[in-house]
Amino acid sequence: MFGNYYQPQGLYQPNPYERQLAQMRGQMPPQQVTRVSGIESARQIPLAPNSTMLALDYDDRHVYAVYSDGAGTVTAKPYVMTPCEDEQPRGGYVTMEQFEKWKAEVDEHLSKLRPADAAGPGPD
C-alpha cells in the first residue's frame with residue numbers, strides 16, 4: 001500500500017547534494033595571506049588539482065602566482081612588487097587669464113615673424 005518507503009537501519013543513503021557541496025567547499029580559494037620564503041617554498045604549497053593562489057615572499061619583493069594543473073603538478077610564477085609612489089598632482093591646467101597672457105605672447109612673436117606688408121589681424 002505505501003510502496004517501498006521502509007529502509008532498514010543499516011542502509012543509510014547520503015544526500016547526493018552533500019557530496020557536491022563538499023566538493024564546492026574544497027574549491028573555495030583560501031581567505032588568508034600565504035607567506036613563503038623563496039620560489040621553492042612557493043612550489044611546495046599543497047594545492048588541489050586545477051587551483052590557483054597567490055603567495056607573498058617574506059624575504060624579497062616577489063609575489064608568486066601558484067597554480068596546479070589537472071595532474072596536481074604545482075607551478076609558481078614570480079612577479080616583482082614595487083611600492084606605489086605618492087600620486088603626483090596631474091594639474092597641467094591653466095586659468096583663462098594665464099591662457100590669454102600666453103596667447104598675447106604668441107601673437108606678439110608671430111607678428112614679428114610676418115612681413116610688414118602682410119601684417120594684419122590674425123585669424124581668430
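- When the side-chain contact (heavy atoms from CB on, under 4.5 Å) test is applied to A104, no partner is found at least two apart in sequence or on another chain.
- Note on V36: it does not cluster hydrophobically with Y67, by side-chain heavy-atom contacts below 4.5 Å among ILVMFWY residues.
- Few gaps surround CD on Q98; more than 12 heavy atoms of other groups in view lie less than 6.0 Å from it.
- Residue L47 holds its CG atom at 6.0 Å from CE of M53, rounded to the nearest 0.5 Å.
- Below 30°, between 30° and 60°, or above 60°: for F99 and W102 the angle between ring planes is between 30° and 60°, a tilted geometry.
- Remark: L54 engages V63, A65 in a side-chain contact (heavy atoms from CB on, under 4.5 Å) (not counting sequence neighbours).
- When the side-chain hydrogen bond (donor to acceptor under 3.5 Å, both in side chains) test is applied to E108, no partner is found at least two apart in sequence or on another chain.
- Remark: R43 engages E40 in a salt bridge (Lys or Arg N to Asp or Glu O under 4.0 Å) (not counting sequence neighbours).
- Legend: residues meeting side-chain contact (heavy atoms from CB on, under 4.5 Å) with T73, ordered by chain and number and at least two apart, are D69, A71.
- Residues V66 and A42 come closest through the heavy atom pair CG1-O, 3.6 Å.
- Closest of all the heavy-atom pairs between Y64 and G38 is OH-C, 3.6 Å.
- By the side-chain hydrogen bond (donor to acceptor under 3.5 Å, both in side chains) test, S37 is found to be paired with D59, residues two or more places apart in sequence or in another chain being considered.
- Note that CD of E100 and CE of M96 are 5.0 Å apart. Values are rounded to the nearest 0.5 Å.
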Please table the atom pairs, donor to acceptor, closer than 3.5 Å between any side-chain atom in residues 76-83 and protein atoms at least two apart or in another chain.
none

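- Take N50 and apply the side-chain hydrogen bond (donor to acceptor under 3.5 Å, both in side chains) test, not counting sequence neighbours, and it matches no residue.
- Evaluation of the side-chain contact (heavy atoms from CB on, under 4.5 Å) rule for Q44 yields no partner, not counting sequence neighbours.
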